[in-house]
Amino acid sequence: MDAVVKMVDGLKAGDGPWLAAIGKYTALDPKVAAESLKNTDPDYRMYRKKTYAIAAMMHDLHYVSSDVSTQIDQHMDYSFLMKATGQPKTALGY
């Protein structure tokens, strides 16, 4: 988790690392790459309310056979993210 937080914070600091990686590992035109980054929003937070909404939608649309929303709180463990960021879970999407 520490590495993910460090990476995301670095990516939020500017497009330079993203553009360098895209240039190194793909043949994508640099202008297209720069434009595509306007649609990115790196984030490590775990949004509990959105997770409930997604679970409900997936059940409503019959993507899953049972409603799993009652299990969400059992499976969303903020402890690793809290340790890596030094923030309380209320600041991390809880």
Side-chain angles (χ1 to χ4, degrees):
M1 196 73 240
D2 293 341
V4 170
V5 169
K6 184 177 179 179
M7 177 192 68
V8 169
D9 287 345
L11 293 173
K12 284 186 172 237
D15 291 343
W18 287 54
L19 293 172
I22 292 169
K24 181 176 180 178
Y25 297 108
T26 74
L28 191 62
D29 180 275
K31 290 180 184 178
V32 174
E35 190 66 27
S36 70
L37 291 181
K38 293 178 182 178
N39 294 320
T40 61
D41 186 23
D43 196 356
Y44 45 71
R45 290 170 184 82
M46 300 188 321
Y47 297 100
R48 192 167 146 257
K49 288 182 182 179
K50 288 182 181 182
T51 303
Y52 280 114
I54 291 168
M57 177 208 59
M58 290 179 71
H59 183 251
D60 292 345
L61 295 174
H62 305 288
Y63 293 157
V64 294
S65 59
S66 61
D67 182 5
V68 296
S69 61
T70 59
Q71 300 172 33
I72 289 171
D73 284 333
Q74 297 169 315
H75 296 287
M76 289 188 78
D77 181 0
Y78 287 82
S79 63
F80 299 101
L81 192 53
M82 290 167 53
K83 182 180 176 192
T85 63
Q87 298 178 21
K89 65 183 176 181
T90 54
L92 298 169
Y94 184 82

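Within the hydrophobic cluster formed by Ile, Leu, Val, Met, Phe, Trp and Tyr side chains joined at under 4.5 Å, directly or through other members, Tyr47 stands alone, with no partner residue.
With rounding to the nearest 0.5 Å, the separation of OG in Ser65 from CE in Met58 is 10.5 Å. Rounding to the nearest 0.5 angstrom, the gap separating the CZ atom in Arg45 from the NZ atom in Lys50 is 11.0 Å. The structure places CG of Leu81 at 7.5 Å from CD of Gln87, a figure rounded to the nearest 0.5 Å. Of the inter-residue distances, the one linking Lys49 atom NZ with Thr51 atom OG1 reads 12.0 Å to the nearest 0.5 angstrom. Of the inter-residue distances, the one linking Lys31 atom NZ with Leu19 atom CG reads 13.5 Å to the nearest 0.5 angstrom. Here the straight-line distance linking atom OG of Ser36 with atom CD1 of Ile22 works out to 5.0 Å at 0.5 Å rounding.
When the side chains of ILVMFWY residues are joined at heavy-atom separations under 4.5 Å, either directly or via intervening members, Tyr94 and Ile54 end up in two distinct hydrophobic clusters. Note on Leu92 and Met7: same hydrophobic cluster, where clusters join Ile, Leu, Val, Met, Phe, Trp and Tyr whose side-chain heavy atoms are under 4.5 Å apart, directly or indirectly.
The two residues Leu37 and Thr40 make their nearest non-hydrogen contact at O-OG1, 2.7 Å. Here the closest non-hydrogen pair linking Ala84 and Met1 is CB-CG, 3.9 Å.
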Pairs under 3.5 angstrom only: tabulate donor-acceptor contacts from the side chains of residues 8-18 to other protein residues two or more places apart or in another chain.
unit_1: Asp9; atom_1: OD1; unit_2: Tyr44; atom_2: OH; d: 3.3
unit_1: Lys12; atom_1: NZ; unit_2: Pro42; atom_2: O; d: 3.1

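With Tyr78 contributing its side chain and Met46 its backbone, the two residues share a donor-acceptor pair below 3.5 Å.
A search for side-chain contact (heavy atoms from CB on, under 4.5 Å) contacts involving Tyr52 returns Arg48, Ser69, Ile72, Asp73, not counting sequence neighbours.
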